[in-house]
Chemist: 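Below you'll find the structure I mean.
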Amino acid sequence: MNNFFIKIQIMFLQFVLVGVYIMYKGAADASIAPMEKYEKEALYSAIQGFVGNEWNGSYLYPDPCGWTTIEGVSCDFSNGFWHITELSIGEVYDNSLSCSSAAEFREDLFKLKHLKRLSFSNCFLSSHHKPITIPTSNWNSLANSLESLQFRSNPGLTGTIPTSFGNLKNLQSLVLQENRLKGEIPEALGGLIKLVRLVLSGNSFVGTIPASLGKLTNLLIFDSSRNFLSGALPVTFGNLTSLIKLDLSNNLLDGKLPREIGGLKSITLLDLSHNKFSGVLPEIIQEMVSLQELVLSNNPIVDYVTRIQWQKLKHLEILDLSNMGLKGNIPNSMTEMKKLRFLSLSNNSLSGNIPLKFERMPTIYALYLDGNDFTGKLEFSTRFYEKLRSRFRASGNMNLCSSLALMSTRHVPEGVKQCEQDSIIHSEDSDSSLKNEYLNQNLHFIASLGHSGHVISGFTFCFVVRMILMALLWII
């Protein structure tokens, strides 16, 4: 029996040793698996172009995809070889490779035929001896592999968007954010039908938004804020039914908001602020039921805010309609948005009374109503003012006043005067109390004279009392 157990233990040990050997053999094969020579040399040369020739990759990282990986470089193992699939240059991580003042694009970069993700962040700085531009050619060599291309925060990166980007048919993310790029947005970007993210914000792009971008039906995010784009919003944007974020703020866009934007059924953020849109608020906005943030401020719309049935926007949390020249009364539908946290109607031409129903909104956290023509009396409770504090503003409404009941608290709305009727009542009450106090003091004095009968006679006392009372009645 003992021999049997010994044999079992020996067999189990042999099995474990064989398994360990196989695992070690596989790991060893993978760790020493070769890279194609041209690809390794292309990697070292491309990196040297950005960080400087003093960087010796072959010495520092003889096995860039094995035990001595380079920060910002990722690889995949396939068909017996390691291949470079990601290259991130610039200050992305604490120990990332930093670009030199003479950074340049080398053609060797485009020999990395398996590259899926390419990123440059804080790389091309304004201290460069000469402007750096994005290469216009060779992008075709990455057409079958590249899925993500990013240029972030490169103040020394100038020039235009190459039209050859339109050949990157597998591109899913194109981010050109906070550089010094200029010129127009190429129509060719409309051919990148796999794009889910297109970010062009913080540059100096001019001209109109290409109508061809309406073909990007897989697009989830489009951000072209903080540029100098002009012209109308393309009606083709109504085709972007998958879009969840559209930010075109801080441009020079004009014209009417097209009815077609109602096709953005999935959109959660729409920011068109700081442009020159005019005309009317299209009623179709109320059909964008997925909206969580709607920012239209600083556009000369000059329309009636009552045009929209705001209660239909059941998911809306942020609504900014300030500086638009809006007219009319605040509609009750605006107080029926159950999830609204932030509402700004500042600096418009709105009139009428401020609805007390704002206090019943369960999630309201900031309410800005300053700079309008509201009238009447603010009758919100002290608790409401305590909740909002400085996030409630109603100054600049000349015919609006606040209740006297608040005057004794720390929550008087800044810049709102006290109601005149309350002021008159307060003044009359003060005068009456002063008269009573004066009379009581004198009667006390008279009574004290009565206790001194041993000094003056009863007749004299009565005479003096009568004269004093007549004098008091005349004074009062």
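None of the values given here were measured: they were computed from a predicted structure. Along the sequence shown, residues carry numbers from 1.
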Chemist: Output all residues satisfying salt bridge (Lys or Arg N to Asp or Glu O under 4.0 Å) with Glu104, sequence neighbours left out; order by chain, then residue number.
Modeler: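 For Glu104 the salt bridge (Lys or Arg N to Asp or Glu O under 4.0 Å) partners, ignoring immediate neighbours, are Arg106.
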
Chemist: Give a yes-or-no answer on whether the side chains of Asn154 and Asn179 include a donor-acceptor pair shorter than 3.5 Å.
Modeler: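 A pair is found: one side chain offers a donor N or O, the other an acceptor, under 3.5 Å apart.
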
Chemist: Using a 3.5 Å distance criterion without hydrogens, assess whether the side chain of Lys387 forms a donor-acceptor pair with backbone atoms of Ile364.
Modeler: yes

Chemist: What's the separation between atom OG1 in Thr375 and atom CG in Leu400, rounded to the nearest 0.5 Å?
Modeler: 7.5 Å

Chemist: Using atom types as modelled and distance alone, determine if a side-chain donor or acceptor of Thr208 lies under 3.5 Å from a backbone N or O of Gly231.
Modeler: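 A pair under 3.5 Å: no.
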
Chemist: Enumerate the residue pairs fulfilling salt bridge (charged side-chain N to carboxylate O under 4.0 Å, His left out) with a member in residues 358-372, sequence neighbours excluded, ordered by first and then second residue.
Modeler: Asp370-Arg393

Chemist: Any side-chain heavy-atom pair from Asn347 and Ser322 closer than 4.5 angstrom?
Modeler: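 No. Closest side-chain heavy atoms not under 4.5 Å.
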
Chemist: Answer yes or no: does atom CD of Glu107 have more than 12 heavy-atom neighbours from other residues, nucleotides or ligands under 6.0 Å?
Modeler: no

Chemist: Quick test of your reading: applying side-chain hydrogen bond (donor to acceptor under 3.5 Å, both in side chains), list the pairs with at least one residue in residues 227-241, sequence neighbours left out, ordered by first then second residue.
Modeler: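 Qualifying pairs: none.
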
Chemist: Donor-acceptor pair, Ser333 side chain versus Gln309 backbone, under 3.5 Å?
Modeler: no

Chemist: Check side chain to side chain donor-acceptor pair (under 3.5 Å) between Arg197 and all other residues, then give those that pass, not counting sequence neighbours.
Modeler: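 Counting only residues at least two positions away or on another chain, Arg197 forms a side chain to side chain donor-acceptor pair (under 3.5 Å) with Ser173.
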
Chemist: Just by modelled atom types, is the Phe374 backbone N or O under 3.5 Å from a matching donor or acceptor in the Asn397 side chain?
Modeler: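 Checking the backbone N and O of Phe374 against the side chain of Asn397, a donor-acceptor pair under 3.5 Å is found.
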
Chemist: Using the side-chain contact (heavy atoms from CB on, under 4.5 Å) rule, pick out the option among Glu178, Gln177, Arg152 that qualifies with Val199.
Modeler: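 Filter result, single survivor: Gln177.
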
Chemist: When you compare the side chain of Leu115 with that of Ile84, does any pair of heavy atoms fall below 4.5 Å?
Modeler: yes

Chemist: Using a 3.5 Å distance criterion without hydrogens, assess whether the side chain of Lys169 forms a donor-acceptor pair with backbone atoms of Gly166.
Modeler: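 Yes, because the side chain of Lys169 sits within donor-acceptor range (under 3.5 Å) of the backbone of Gly166.
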
Chemist: Hey, does Leu109 have a side-chain heavy atom less than 4.5 Å from the side chain of Leu87?
Modeler: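 Result yes, sub-4.5 Å side-chain heavy-atom pair found.
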
Chemist: With sequence neighbours excluded, what pairs up with Arg180 under the side chain to side chain donor-acceptor pair (under 3.5 Å) test?
Modeler: none

Chemist: Which atom names give the shortest non-hydrogen contact between Pro135 and Pro162, and what distance separates them?
Modeler: O-CG, 3.4 Å

Chemist: Let me check something: any side-chain donor-acceptor pairs from residues 335-342 under 3.5 Å, sequence neighbours excluded? List them with distances.
Modeler:
unit_1 : atom_1 : unit_2 : atom_2 : d
Thr335 : OG1    : Asn332 : O      : 2.6
Arg341 : NE     : Glu317 : OE1    : 3.4
Arg341 : NH2    : Glu317 : OE1    : 3.3

Chemist: Under the rule for side chain to side chain donor-acceptor pair (under 3.5 Å), what residues qualify as partners of His83, not counting sequence neighbours?
Modeler: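 Checked His83 against side chain to side chain donor-acceptor pair (under 3.5 Å); matches are Glu39, His114.
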
Chemist: Taking Ser273 for the side chain and Asn298 for the main chain, is one N or O donor matched with an acceptor at less than 3.5 Å?
Modeler: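 Judged by distance alone, no pair lies under 3.5 Å.
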
Chemist: Given the rule in the side-chain contact (heavy atoms from CB on, under 4.5 Å) test, do Ile161 and Ile134 qualify, once you have shown the distances and angles that lead to the verdict?
Modeler: CA-CA 7 Å; Ile161 301 177; Ile134 301 175; over 6 Å; no

Chemist: Verify, without hydrogens or angle tests, whether Trp310 (side chain) and Pro331 (backbone) share a donor-acceptor contact under 3.5 angstrom.
Modeler: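 No, Trp310 side chain to Pro331 backbone: no donor-acceptor pair under 3.5 Å.
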
Chemist: Report the C-alpha separation of Leu345 and Tyr368 in whole Å, then their side-chain angles, then the decisive distance to 0.1 Å, and conclude whether the side-chain contact (heavy atoms from CB on, under 4.5 Å) test is met.
Modeler: CA-CA 6 Å; Leu345 298 172; Tyr368 300 133; over 6 Å; no

Chemist: Examine distances only and state if a side-chain atom of Asn372 and a backbone atom of Asn348 form a donor-acceptor pair shorter than 3.5 Å.
Modeler: yes

Chemist: Donor-acceptor pairs under 3.5 angstrom involving side-chain atoms of residues 323-330: please list them, not counting sequence neighbours.
Modeler:
unit_1 : atom_1 : unit_2 : atom_2 : d
Asn329 : OD1    : Ser351 : OG     : 3.4

Chemist: Would you check if the side chain of Asn167 reaches a backbone N or O of Phe165 as a donor-acceptor pair within less than 3.5 Å?
Modeler: no

Chemist: Counting only heavy atoms not in Lys182 (residues, nucleotides, ligands), do more than 12 fall under 6.0 Å from its NZ?
Modeler: no

Chemist: Using side-chain contact (heavy atoms from CB on, under 4.5 Å) as the criterion, point out the one residue from Ile318, Ile267, Leu319 that pairs with Leu294.
Modeler: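 Looking at Ile318, Ile267, Leu319, the match for Leu294 under the side-chain contact (heavy atoms from CB on, under 4.5 Å) is Leu319.
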
Chemist: Under a 3.5 Å distance rule, please check whether Lys417 uses its side chain to pair with a backbone N or O of Met398 as donor and acceptor.
Modeler: yes

Chemist: Evaluate Lys194 against Leu171 for side-chain contact (heavy atoms from CB on, under 4.5 Å), listing each step before the verdict.
Modeler: CA-CA 6 Å; Lys194 292 186 178 181; Leu171 205 62; over 6 Å; no

Chemist: Is there any ring-ring contact (aromatic ring centres under 6.0 Å, His included) pair reaching into residues 212-254, and which pairs are they, with sequence neighbours excluded?
Modeler: Phe222-Phe237

Chemist: Tell me, please, which residues at least two apart from Asp247 pass salt bridge (Lys or Arg N to Asp or Glu O under 4.0 Å).
Modeler: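 Here no residue qualifies.
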
Chemist: Pairs in or reaching into residues 212-223: which pass side-chain hydrogen bond (donor to acceptor under 3.5 Å, both in side chains), with residues at least two apart or in two chains?
Modeler: Glu187-Ser212, Asp223-Ser225

Chemist: Is there a side-chain contact between Leu296 and Ile301 in this structure, where contact means two heavy atoms from C-beta onward sitting under 4.5 Å apart?
Modeler: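 The answer is no, as the side chains (C-beta and beyond) never meet within the 4.5 Å cut-off.
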
Chemist: Which of parallel (below 30°), tilted (30 to 60°) and perpendicular (above 60°) describes Phe151 and Phe105?
Modeler: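 Aromatic pair Phe151/Phe105 classed tilted.
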
Chemist: Which residues pass the side chain to side chain donor-acceptor pair (under 3.5 Å) test with Thr268, not counting sequence neighbours?
Modeler: none

Chemist: With a cut-off of 6.0 Å (strictly less than), are more than 12 heavy atoms of other residues, nucleotides or ligands near CG of Asn144?
Modeler: no

Chemist: I would like to know whether Leu198 and Leu192 meet side-chain contact (heavy atoms from CB on, under 4.5 Å); could you show each step before the answer?
Modeler: CA-CA 10 Å; Leu198 178 58; Leu192 304 177; over 6 Å; no

